[in-house]
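What follows is one structure encoded as structure tokens, with my remarks underneath.
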Amino acid sequence: MPAFELLHPTVQRKLWDMRWTELRPIQADAIEHLLGAQPTDCIISSPTASGKTEAAFLPVLSAIADDPAGGVRAVYVGPLKALIDDQFGRVEELCTRMELPVHRWHGDVGDGARGALLEAPAGVLLITPESLEAMLVRRPAQLPALFGRLAYVVIDETHAFLGTGRGAQLVSQLHRLRVRTGADPIRIGLSATLGDRDAARRWLRRDGRPVRLIEAAAGSPELKLRVYGVWRREPPDAERDAERDAERGAEPAPAASASDPALGEVAARILGSCRGKTNLVFAGSKSMIEALADELASRAKAASLGDEIVVHHGSLAKEEREHAEARLRSGLPCTAVCSNTLEMGIDIGTIDEVVQVSPPWSVASMVQRLGRSGRRPGTARILRGFFIEDAPGPDATIWDRLHLSFLRGVAAVELMLERWLEAPDVDRANLSALVHQLLSILAETSGIRAADLYPRLAESGAFPALTRADLAALLRELGARDLIEQLPDGALVLGLAGIELVEHHGFYATFKTAIEFQVLHQGRALGTLPESLLPAAGEHLLLAGRRWLVEEIDAERRCVHVSPSRGRQPPRFASGQPDVAPSLHARMRDLLLGDAVPAYLDEAAARMLADARAAARQGEIAAPLRLLDDRAVVSLFAGTRVQRTLWLALVSAGQRAHAVADVALEIHAGTSAWLPVLRRFAEAPDGDALAAYAEERLHARTAGAEKYDEYLPSALWRRSYARERLDLDGAAAWAGRLVVDAAEAEAAEAAEAAGAAGTAEEK
DNA sequence: GACCTGCTGCGGCATG
């Protein structure tokens, strides 16, 4: 039967009303699968704005149209409140002719709307994982009435959940709902970019039931691609000013106007190609976003362009972000300087050009960003990359001259063109999320026997590596910390510390956030800054694309009061850095050692590549190991994890080694010192020992760790660190290879020395 | 130099 015929009559009428002339192939496939004879879980994968939401909701609404009440029949889980608000409008529009209520529930939803759902649960509910968590913890008795008849769960932006603690939380929640209410809904994942299809299916359902993959036929609109190299020839103004001040013996001016000429040049060129259009400019950091937006805005103003420059990132107030989104949708010329907050499917209308300033950390991220343009039929996707590199000065090292950041950008473009994407690790242990779900289950059940707890966690599929012994060790640790306790009848309940944790409103999220100060202008929220990097009163601050003077800091209320000003100083934000995949590093190395010049490089970028290749030849980067007089240089380009593992193997054995960016190592000792270390490591890599070193000496368990890592038994944390942050097999293979290379080099050297000695004797 | 996501219940006050 044709897909349209399978739809419920009211849904069909709605499509007539909306003057749809045909269903897209992905929608027809989804309808035929979900309304066919054997509907199963499925993943619908197709580009952004290709009608994925409708592909899921047309069949779901059809299926529940005649029986919409007696509980929520379909749940939509979204990773962002803004996305939920957008989708709420779209689903409501689809439901206008139907007697089918649509509800939304997240932190900004008022009591009235919440009451309406609780009073008569029915229809569709759009919700975040955190709000679902709050329901599980606070309203366990109401769950059967709310979700007992749940038939479908739609998970939007599935790729954002894969392999993350938040993803484990969501999968665990679905299992908990099933245990409590008996409902076992069909799961429908929606995604634009999937690096590993089988992994995505395994993540969605792990009990062996089939998961159907419904994919749009390959074939994307034409891609117009250009990569520009930009040289930073001199230090930024701030540095120069500081140096001049230092020479004069003066205090550095607090209101230094930090202007980076390279960023200014990028801004001028972006305006040149983007003026009069609607564009997204992705920059590498929030600090750079603000600095670049300021450069763009002052140039647009000086040239009297009507183009508006807006800003969008995670440290801006909701009102500021909504202003940017509305302006993008308006159709008036607009350039948004943004972070990955605009990667996901929030409605921002049609985008003409996507600009990437400084390389992204992953290929998947770049693909998501590019997916934002070329969505109008017949238009091309346009991507411009601007990669800034320091012009090498007299002190530049080989590593400076390799232009690694530029190379990472070009390598990411190359992999993107080959349709390669990073694969998420969906089999990871998710220990921090495990602690979170364990405490949450104790709150939900007000007590559960240990024998019932293991299956509830293990059978959820959220914690694939969990053994009974691991859980027992974890329970002992949590008991010792008063987070849980065991009653005389054997039931596990929350302890005093556990109750305190669960009752705090910060409990519901699996991720942690640093303490932040709110930035206010005349009582109006602009955004937030981390407590650890606050500017002082009297200093300047760029935020939300405008220039401010810090008037006063109210530590008690955690507020920074600002007023408009002319001085500019980019804000600072603390952050870690993600691990780069081995494939991306490998491609950087291939680029260095190859001789092909991609056609999309402009003249300066081609020059950068040529310079980097010359430096690579001079530095003998092709050789994995070079023995110099006072040190050994190891060129890895093997991914951050291999580098971290080898570095730990050396320093934990007392060697002086240090990392060169994340692609190489320098060992400051003779081979007689470090060769035995690597030989032992190659033969028997001991992940636990390396993790122990990282835990005790580098405080890896607190600094940069996940939210509840601090409550894990040491042994459990170490095993997961070794598995998730290190690459033991990869590093052991490298160690073995280096041992062989070093032995060969030394043998060659000895032979040469012997030969030289022989020649000397002959004389 | 380097990303992002989320949040309850209740007391107190103003307003119709």
Side-chain angles (χ1 to χ4, degrees), chain A residues 77-84 105-111 114-115 118 127-139 156-157 159-162 164-167 169-170 173 232 235-236 238-239 258 260 262-263 282-292 312-316 318 321 337-346 356-362 364-366 368-369 387-390 404-405 408-409 433 436 440 443 501-514 516 528 530 533 570-580 640 661-662 704 706-707:
Chain A
V77 182
L80 305 175
K81 289 185 287 189
L83 195 55
I84 286 178
W105 188 304
H106 57 62
D108 300 340
V109 171
D111 289 343
R114 292 182 180 208
L118 296 174
I127 192 166
T128 61
E130 288 72 21
S131 284
L132 192 52
E133 193 73 50
M135 283 188 173
L136 283 158
V137 170
R138 305 255 172 196
R139 307 172 186 272
D156 205 357
E157 307 279 1
H159 60 273
F161 291 107
L162 295 182
T164 68
R166 210 175 178 204
Q169 172 186 33
L170 173 54
Q173 288 170 335
R232 180 180 283 122
E239 251 172 71
D260 178 350
L263 217 49
F282 291 94
S285 69
K286 289 184 277 193
S287 180
M288 191 192 267
I289 289 170
E290 293 288 352
L292 183 58
H312 202 284
H313 60 71
S315 295
L316 293 181
K318 189 182 179 206
R321 292 202 229 180
V337 194
C338 60
S339 67
N340 28 5
T341 46
L342 287 187
E343 261 175 36
M344 281 195 261
I346 303 172
Q356 174 73 42
V357 179
S358 74
W361 289 100
S362 76
S365 169
M366 187 140 85
Q368 278 287 123
R369 293 169 179 195
F387 303 142
I388 302 171
E389 285 286 346
D390 290 330
L404 292 168
S405 161
R408 199 177 77 227
H436 182 251
S440 183
L501 208 61
V502 171
E503 283 188 348
H504 190 270
H505 69 84
F507 175 72
Y508 309 111
T510 54
F511 48 88
K512 72 174 169 189
T513 23
E516 293 189 322
T528 57
L533 293 168
R572 296 188 302 152
F573 298 93
S575 190
Q577 63 181 42
D579 289 349
V580 170
T640 312
D662 58 357
E706 291 185 67
K707 192 174 178 187

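The figures here come from the full heavy-atom set of this structure, side chains too, leaving out hydrogens, waters and symmetry mates. Here is the naming used below: chain letters follow the sequence lines, and residue numbers restart at 1 for every chain.
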If I take atom [atom1] in residue [X] and atom [atom2] in nucleotide [N], what distance separates them, rounded to the nearest angstrom?
{"X": "A:His159", "N": "B:dT5", "atom1": "NE2", "atom2": "P", "value": "13 Å"}
{"X": "A:Leu316", "N": "B:dC4", "atom1": "CG", "atom2": "C1'", "value": "13 Å"}
{"X": "A:Ile84", "N": "B:dT5", "atom1": "CD1", "atom2": "P", "value": "13 Å"}
{"X": "A:Leu292", "N": "B:dC3", "atom1": "CG", "atom2": "P", "value": "15 Å"}
{"X": "A:Trp361", "N": "B:dC4", "atom1": "CH2", "atom2": "C1'", "value": "15 Å"}
{"X": "A:Met288", "N": "B:dC3", "atom1": "CE", "atom2": "P", "value": "10 Å"}
{"X": "A:Gln577", "N": "B:dG1", "atom1": "CD", "atom2": "C1'", "value": "9 Å"}
{"X": "A:Leu263", "N": "B:dG1", "atom1": "CG", "atom2": "C1'", "value": "12 Å"}

Worksheet item: Would one find a side-chain N or O of A:Ser339 under 4.0 angstrom from OP1 or OP2 of B:dC4?
Response: yes
Fill in: Phosphate OP1/OP2 of B:dC4 contacted by A:Lys286 side-chain N/O (<4.0 Å)
yes
Determine yes or no for a side-chain-to-main-chain donor-acceptor pair under 3.5 angstrom, with [X] supplying the side chain and [Y] the backbone.
{"X": "A:Glu157", "Y": "A:Gly345", "value": "yes"}
{"X": "A:Gln356", "Y": "A:Ser358", "value": "yes"}
{"X": "A:Arg408", "Y": "A:Pro359", "value": "yes"}
{"X": "A:Arg114", "Y": "A:Val109", "value": "yes"}

Fill in: Reported CG-to-CD distance for the pair A:Leu170 and A:Glu130, which is rounded to 0.5 angstrom
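The distance works out to 9.5 Å.
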Worksheet item: When rounded to the nearest 0.5 angstrom, what is the spacing between CG in A:Leu83 and NE2 in A:His106?
Response: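 The distance works out to 10.0 Å.
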Contacts under 3.5 Å, N or O only, protein and nucleotides 6-8 of chain B:
from  : atom 1 : to       : atom 2 : distance (Å)
B:dG6 : OP1    : A:Lys81  : N      : 2.6
B:dG6 : O3'    : A:Thr128 : OG1    : 3.4
B:dG6 : O6     : A:Thr513 : OG1    : 3.4
B:dG6 : N1     : A:Thr513 : OG1    : 3.3
B:dC7 : OP1    : A:Gly107 : N      : 2.9
B:dC7 : OP1    : A:Thr128 : OG1    : 2.8
B:dC7 : OP1    : A:Ser131 : OG     : 2.5
B:dC7 : OP2    : A:Gly107 : N      : 3.0
B:dC7 : O2     : A:His505 : O      : 2.1
B:dC7 : O2     : A:His505 : ND1    : 2.6
B:dC7 : O2     : A:Gly506 : N      : 3.3
B:dT8 : OP2    : A:Arg114 : NH2    : 3.4

Discussion item. For a quick check under 3.5 Å, do A:Ser339 and A:Thr341 share a side-chain donor-acceptor pair by atom type?
Written reply: yes
Discussion item. Any donor-acceptor pair under 3.5 Å linking the side-chain atoms of A:His436 with those of A:Thr510?
Written reply: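 No - no donor-acceptor pair under 3.5 Å links their side chains.
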Worksheet, complete the sentence: With sequence neighbours left out, the residues meeting side chain to side chain contact (heavy atoms under 4.5 Å, CB included) with A:Ser315 are A:Lys286, A:His313, A:Thr528, A:Phe573
Detail all sub-3.5 Å separations between protein N/O atoms and N/O atoms belonging to nucleotides 10-14 of chain B.
none

